[in-house]
2 protein chains.
Amino acid sequence: MAMAKSVKKPSRAAASPYHHGDLRRALIDAALALAAEGGPSAVSVREAARRAGVSPGAPFRHFDSREALMTAVAEEAQQRFRAEIEAALAGAVAEGPLRQLKLLGMAYLRWAMRNPAHFEIISTGRWFDHDAAVEVSRDNADAIALSEQLLAQAAASGQLRSVDLKATQIAGRALVYGLARMNIDRHFLRWGVQPEQVERIAEQALDVFIGGIAR
Amino acid sequence: MAMAKSVKKPSRAAASPYHHGDLRRALIDAALALAAEGGPSAVSVREAARRAGVSPGAPFRHFDSREALMTAVAEEAQQRFRAEIEAALAGAVAEGPLRQLKLLGMAYLRWAMRNPAHFEIISTGRWFDHDAAVEVSRDNADAIALSEQLLAQAAASGQLRSVDLKATQIAGRALVYGLARMNIDRHFLRWGVQPEQVERIAEQALDVFIGGIAR
DNA sequence: ACCTGAACACCGTTCAAGT
DNA sequence: ACCTGAACACCGTTCAAGT
């Protein structure tokens with residue numbers, strides 16, 4: 001009897017619903033997968049629990065609410081987003097400020113367009129409590145500061161047409177966010193742009209913008 | 001007894017839950033109000049029914065599903081959106097194409113920013129079936145055609161820097177959609193823009209863009 | 001300490017029954 | 001023809017009880 005028990009335990013470590021191991025992690029992964037499959041609204045605590053093989057109440061040991069789970073999901077997505085942008089900028093420190101701005105925009109767009117549901121979660125703000133997501137807020141402030149700095153550099157070396165840096169900065173962000181959003185909201189089909197052309201046309205739009213602000 | 005009945009009927013025409021009069025209209029209005037109060041996700045068939053003073057099943061006599069109700073709401077919102085844009089352009093037929101583009105953008109942004117929830121419904125596409133919303137699709141195609149025409153006019157009279165009209169057109173739409181979306185998603189607070197400054201800064205961003213594409 | 005399973009208050013949707 | 005009210009299958013969340 002004691003032996004049967006000791007044989008059973010290790011072999012059923014994954015199958016047994018009791019003592020999961022890292023349920024918190026499993027729930028975040030399930031939520032990320034659900035979002036990728038059906039959008040942020042397809043994330044449900046009960047379905048995440050089902051996929052993790054636990055009862056409907058179990059997730060509430062790890063997250064106070066569905067919103068708290070979404071906040072953790074957002075933090076995870078934000079980390080991936082940031083990593084992609086940092087990698088893109090790492091090899092471009094020697095470039096001019098407008099070139100760096102373009103690379104920043106392209107990295108932003110690439111990730112947003114290849115991970116539309118995860119991008120939607122971190123940017124829409126309806127899915128979780130932004131103030132509770134420390135990393136998301138910090139990364140965002142960092143990105144804003146970086147674009148401000150690059151624009152100031154460009155202005156200082158006489159590369160810009162407009163003197164209104166704040167409006168230029170916001171226009172630039174609105175452009176990339178708008179492109180990412182048009183992709184999420186399936187606007188490109190109405191604009192006659194096929195899915196495989198979206199990244200290319202987005203890059204061209206970014207070129208039009210940067211060409212426009214440049215002297 | 002017959003008299004009591006004939007007295008009762010007219011005086012309770014509104015209070016009596018039976019034979020509503022125009023339940024369809026009342027449900028659309030309730031849904032519009034719910035959206036304005038708590039965003040599109042706050043629209044529920046049951047709550048709309050409650051506000052209209054009918055039972056939970058009653059709405060399904062008029063709408064096949066929640067999505068069908070949202071489609072009707074979107075059609076109504078789209079009509080208001082279109083009316084605002086047409087009014088703004090009506091007095092500008094004599095203006096140059098770039099000036100008309102700016103007025104088009106400003107009218108778009110004004111309505112989007114003053115009716116964020118209704119704008120979100122018609123533009124997000126997750127809230128209803130776009131193919132079932134004939135008016136929304138038609139209006140959108142019209143707006144695309146108009147901006148294309150204005151840009152072509154500007155190009156023909158040598159007013160543009162870039163030759164890539166398609167990319168320019170998409171960049172312009174991404175800019176205004178991005179600004180409207182940043183407002184919905186509360187990004188402007190993170191950018192240090194107070195609510196009462198949003199429309200002004202959006203206009204400045206639009207000026208930067210149009211100044212940028214102009215020769 | 002961590003999870004189950006029943007429970008409660010919601011929601012969308014259906015359908016027989018009422019007027 | 002139009003609406004009620006009960007029902008069903010969901011969902012988020014709580015909580016006593018199990019291990």
Asks: What is the distance, to the nearest angstrom, from the CZ atom on A:Arg46 to the P atom on D:dA9?
Replies: 14 Å

Asks: Answer yes if the side chains of B:His130 and A:Arg190 hold a donor-acceptor pair under 3.5 Å, and no otherwise.
Replies: yes

Asks: Checking side-chain polar atoms at under 3.5 Å, does A:Thr168 have a donor or acceptor matched by the opposite partner on A:Arg173?
Replies: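 Their side chains do not contain a donor-acceptor pair, so the 3.5 Å distance test is not met.
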
Asks: Between B:Gln169 (side chain only) and B:Ser147 (backbone N and O only), is there a donor and an acceptor less than 3.5 Å apart?
Replies: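 The answer is no, because no donor-acceptor pair under 3.5 Å joins these two groups.
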
Asks: Both distances under 3.5 Å, Watson-Crick or G-U wobble: on that basis, could you give the dot-bracket string for DNA chain C, with [ ] for crossing pairs and | for other-strand partners?
Replies: ||.|||||...|||||.||

Asks: Looking at C:dC11, I'd like to know if its phosphate oxygens (OP1 or OP2) sit under 4.0 Å from a side-chain N or O belonging to B:Arg50.
Replies: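 Yes, B:Arg50 has a side-chain N/O under 4.0 Å of OP1/OP2 on C:dC11.
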
Asks: Could you list the residues that satisfy side-chain hydrogen bond (donor to acceptor under 3.5 Å, both in side chains) with B:Ser44, not counting sequence neighbours?
Replies: none

Asks: What's the CG-C1' distance between B:Leu23 and D:dT4, to the nearest Å?
Replies: 13 Å

Asks: Are B:Phe209 and B:Val176 side-chain neighbours, meaning at least one heavy-atom pair lies under 4.5 Å?
Replies: no

Asks: Using whole Å, what does the distance between atom C1' of nucleotide C:dC11 and atom CZ of B:Arg51 come to?
Replies: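 These atoms are roughly 16 Å apart.
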
Asks: Between atom CH2 in A:Trp127 and atom C1' in D:dG12, what is the gap in whole Å?
Replies: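 Rounding to the nearest Å, CH2 of A:Trp127 and C1' of D:dG12 are 15 Å apart.
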
Asks: Would you check if A:Arg51 and A:Leu34 make a side-chain contact, meaning some heavy-atom pair closer than 4.5 Å?
Replies: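 Side chain of A:Arg51 against side chain of A:Leu34, heavy atoms only: contact under 4.5 Å found.
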
Asks: Using a strict heavy-atom distance below 4.0 Å, which residues from residues 55-69 of chain B are in contact with DNA chain D?
Replies: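 Listed by number, they are B:Ser55, B:Gly57, B:Ala58, B:Arg61, B:His62.
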
Asks: Salt-bridged, B:Arg126 to A:Glu120, with N to O below 4.0 Å?
Replies: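 Looking at B:Arg126 and A:Glu120, the cut-off is met.
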
